[in-house]
Each structure stands twice: as structure tokens, then as C-alpha cells.
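Lettering of chains follows the sequences in order, A, B, ..., and the numbering in each one begins at 1.
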2 protein chains.
Amino acid sequence: MNIHSSPSFRPLYDQIKILITQSLIAGEWRPGDAIPSEIDLASRFKVSQGTVRKAIDELAAENILIRRQGKGTFVASHSQERASTRFLRIARDEGVFEYPTSQLLSVTRERAPEGSASLLDLRTGASIFCIKRLLSFEGIPRIFDEIHVPAVSFKGLDDAMIRNYTGSLYSFFESHFGIAMIRAEEHIKAVKAGPVEAELLHVNLDQPLLRVDRVAFTYGDRPVEWRRGLCHTERFSYVTEMS
Amino acid sequence: MNIHSSPSFRPLYDQIKILITQSLIAGEWRPGDAIPSEIDLASRFKVSQGTVRKAIDELAAENILIRRQGKGTFVASHSQERASTRFLRIARDEGVFEYPTSQLLSVTRERAPEGSASLLDLRTGASIFCIKRLLSFEGIPRIFDEIHVPAVSFKGLDDAMIRNYTGSLYSFFESHFGIAMIRAEEHIKAVKAGPVEAELLHVNLDQPLLRVDRVAFTYGDRPVEWRRGLCHTERFSYVTEMS
DNA sequence: GAGTGGTCTAGACCACCCC
DNA sequence: GGGTGGTCTAGACCACTCT
């Protein structure tokens, strides 16, 4: 098996990562499913088990797959993950973590404004769904979210569907539209509360809020969600780690 | 080599990670140094090269070591890293990244207040150094930092030393005190500018600022720095990624 | 050419899970 | 007991860097 024919050498395990990713994009294995065993994949791709292992190791490090000793390797899912604090970085300063409750404000069909359109690789004016909601911790409204997703990828989305679903929004996107969020980038600023968010979050006008702009990506680094969260950070913080 | 004697089984490569970390703590290899080759380490630890590889792979994934094909494996350093954006997450919304300039305001010896003391595993009132500085982007002051470090680990620190040093603060800590920062946790809030920071950052009183509290750790997950940054985020953002 | 890390293989055996 | 992932080894060969 001579793949060492440079130039532009690409390791075997890297090519296998791509093949696995393509199967994920194609929906051959869906979030929560077990993928074939390492031995099966090795024989399918005609490589050694060690090479498959390395490919899976990297996908697991990216939180795309999850390994469970003795059971198998699974497609990461927002539905079954314990403590879905993975994309929710707001937490109490002290005390136990409590999952927020969500109040849906509106779901509308809109034309994408320039900002979110370009970040979602859409043309300005493309059709999107705009979701507005309020997240509350301990009964107190803390985060006002405005969420844009391309209408073409989320055909038929409406407020009743969301209201009838119990679970996180990303878990809803997975089960109803087969779109799994695997990565996100956020830009954070401190801003003054405007009239809308002041009323929703029960704060005075011009109170400082955290403004968290996010772009989330699915398999193959395809951007599929833009959102802006306005967050009242009294007794709460946005938590990050770096290394 | 039978290490598979459960209970409380610990893989060999994990034990070797610990041994390498201990050498880093002991200062056997310092930031910027090359560590011995994989073959040398394998014979020193009496394991196969593959096992050493796995240990080094994980330390490299944690940004503690840096592999360079054909050259060797090196201890990560804040001095020689290209684009030390690793612990500086504030960037312009658009345009090219420009490294900020630092203006040292004061270096004083203080008694640790309760907050930073407990986060640094010190008793309240322990001796610390308090560094205050102002970071400017494009000539405009953007971040007011207050930094606490234990006096016992930073013996002899004074403002002249910092002023005479060109380079980042963490690179200074490395070269003068042998303390390498490898990981940090941050808690972010939106707050109103008080009188001190309003003047320093040239903003009105009560303007919203980002308040970024950080605890930074060195080898062995030992906390050695607490800092609070107040940041004026007009045209700038705090950038994060998650997966 | 010598030395380093990087890739790939084949095989043995262990830890874990479930039937 | 049989299947899964997890660890460890030994060896071959490639890619990169420096001398």
C-alpha cells in the first residue's frame, strides 16, 4: 500500500477521516447511531485497524464521534449527551448548575440581512427562518436569543414544531432536519440594553449586557446557524477555557 | 512488561506523561528547549517508541510540547511562538490583527484579597504582586488589566524589570521566573465602567465594558496568576471557538 | 547521510459490555 | 463467550531538516 508518493502527500488516516465525514454528511450514520467497528471499517477501507483508529481518534477529539469501550463508536448527538453544557457557556457564579427553561417568542420567515447572510454563505435576501426566544435560569430571564437558519435547510420549520419538542434546540435540529452542530465560533462584546431586550430581561435601559454572536457549523465545516444572544450577567458568567 | 494488573489500571503512556510533566516542573527542560528524541525517551523509560509517541502526542495536543518534524520535540514557549494570540482573545472586528502595546501603570506588593487568594490556593492576606497595565490597539487604550501573582513564586519582581523587557508578560514570566503558563480559565461579564477605568479607557462613566476574570495555570495544573481585564469592545470582540 | 518525527502494518493481549 | 474499544510492541519505511 504505497501512498507515500509525494508531492502533496496526504496520510491514509486523513483520507479515511474524509471518507467517514462524507458518510456523516450523506446521513449513512445519524447522530446517536453506532458506526461500524474498527475492524469492519479497516476491511472496508482496505487498511489496518491502527490506521482506522487514528482517524477515529481525531474525529473523537473534535467531538464528532464518541468512543465507548466495549460498546462501539457512536455519532455524537445533542440529544443523548449528558450535561449539554457543550454549547451553553453561561453558568452561575456559584452554586449548582441548573438547566435553563426556554420560552419561544416567535418564528418568522425573513429575508437574510447582509450580516448573517454572508456568515452563512447565503446571498443577502435569501430566505431564512428567524427564531426568537428567551432563556430563563431559576425563573429569571437571562438570555434573549435571535437565531437565523437558512430556510432551504430547514424546510417546514414552524413554531408549533419547536413548542412540541422537549429538549435543546440543537437536539431538535438533529431529529427533525438531520443537521448536527459540531462546532461554533463566537464573538463577544459588552453593549447597552436597548428597549426590546430591557423589557424582556427586566433590566433598565442602557444596562450592560453581554452580546454573544455565534456561527455554528455542521459536518464539513458548513455554516448553518447564526445567532445573537443578549445576556444579563448579574450573578452569571460566560465561561471559557484555553490552552 | 505487565502493567495490566487492575484494579486501578493506569496506562503506561499516562505514567510517562506524568514523568515528562515532572521533568518540566523540575526544570530539567525549559521552555524553548528540545526534549530528548522519542527513541532516547523510550530507552530511558524502558518502553517502546510507540508508547512514548502517544504520551508526547497528548502533551502536544495540550500545547505543552511542540513537535517539529525533522527537528525534534520542544517545550512550548510564549517567547518564540508565532502570533501569540493563544491567550489574547481580543481582536478587531475587521481588518488585520495588530499586536497591542502595553503601558505599565504600577507594580505593588499587596496582601491577597479573599477572591484571588482562594483561586490561587493561597491564604487570604498572603503576599502577592499586583501589576496594573493598559493595553492599546492602534494607539487607543482598550484593556485595563489588574494582575495578581504570588510573591513567593515571583521573588524580586519590580516595575523596572518589566519595563526593560520587550515581549509579552507571559514570556517575561518564563524567562525571569521559569514559570510557563499552559492553561487558563476565564469568566466573562458585562459591567459598567467605574471612575478609574472610565478615565483610563477614555469612556464615559457607566459605559458597558467586558470584564474578563482569568486564572492561569502552570505545569501540574498549579494556579499561578489571577487577573481581571476590563475591556472596551467598540470595534473589538472577544473571540472564542467551541466544539 | 544521519537524525528527527510521521505513517502504516501485524499481532498479542487487556478492559469493558452484554448476552 | 464473543464483540468492542484500549494498550503495547516491533519493525519497516517515508518526510523533513541540517550538516
Measure the distance from CG on A:Asp14 to P on D:dA15 and round it to the nearest whole Å.
15 Å

Integer-rounded Å distance: C:dC8 P and A:Lys17 NZ
13 Å

A:Gln15 CD to C:dT7 P, in whole Å, measures 12 Å

When the ring centroid of B:Phe172 is compared with that of B:Tyr165, is the distance short of 6.0 Å?
yes

Atom CZ of B:Arg30 with >12 non-hydrogen neighbours under 6.0 angstrom
no

Mapping B:Asp57 and A:Thr51 to their closest nucleotides on DNA chain C, which lands nearer the 5' end?
B:Asp57

Provide, to the nearest angstrom, the distance between the CZ atom belonging to B:Arg10 and the P atom belonging to D:dT7.
12 Å

Residue list, side-chain contact (heavy atoms from CB on, under 4.5 Å) with A:Ser136, at least two apart or on another chain
A:Thr101, A:Pro141

Counting side-chain heavy atoms from CB outward, which of D:dT7, C:dT9, C:dT7 is closest to B:Pro11?
D:dT7

Among C:dC8, C:dT7, D:dC8, the one nearest any side-chain atom of B:Leu12 is D:dC8

Whole Å only: how far is the NZ atom of A:Lys54 from the P atom of D:dG6?
15 Å

note: A:Leu41, atom CG; D:dG3, atom P; distance rounded to Å ~ 17 Å

Could you check how far CD of A:Glu58 sits from P of C:dG6, rounded to whole Å?
12 Å

Strictly below 4.0 Å: does A:Tyr13 bring a side-chain N or O up to OP1 or OP2 of C:dC8?
no

Closest non-hydrogen atoms of A:Arg86 and B:Ser243, given as atom of the first, atom of the second and distance, are NE-O, 2.9 Å

Let me know the distance between NZ of B:Lys46 and P of D:dT9, rounded to the nearest Å.
13 Å

I'd like a list of close polar pairs between nucleotides 2-5 of chain C and the protein, N/O only, cut-off under 3.5 Å.
| unit_1 | atom_1 | unit_2 | atom_2 | d |
| --- | --- | --- | --- | --- |
| C:dG3 | N2 | B:Gly70 | O | 3.0 |
| C:dT4 | O2 | B:Gly70 | N | 3.3 |
| C:dG5 | OP1 | B:Thr73 | OG1 | 3.3 |
| C:dG5 | OP2 | B:Glu38 | N | 3.0 |

Between B:Arg44 and B:Glu28, is there a side-chain N and carboxylate O pair less than 4.0 Å apart?
yes

Quick one: do A:Arg228 and A:Asp213 make a salt bridge, cutoff under 4.0 Å?
yes

Counting distance only, does the side-chain N/O of B:Thr233 pair as donor-acceptor with the main-chain N or O of B:Phe236 below 3.5 Å?
no

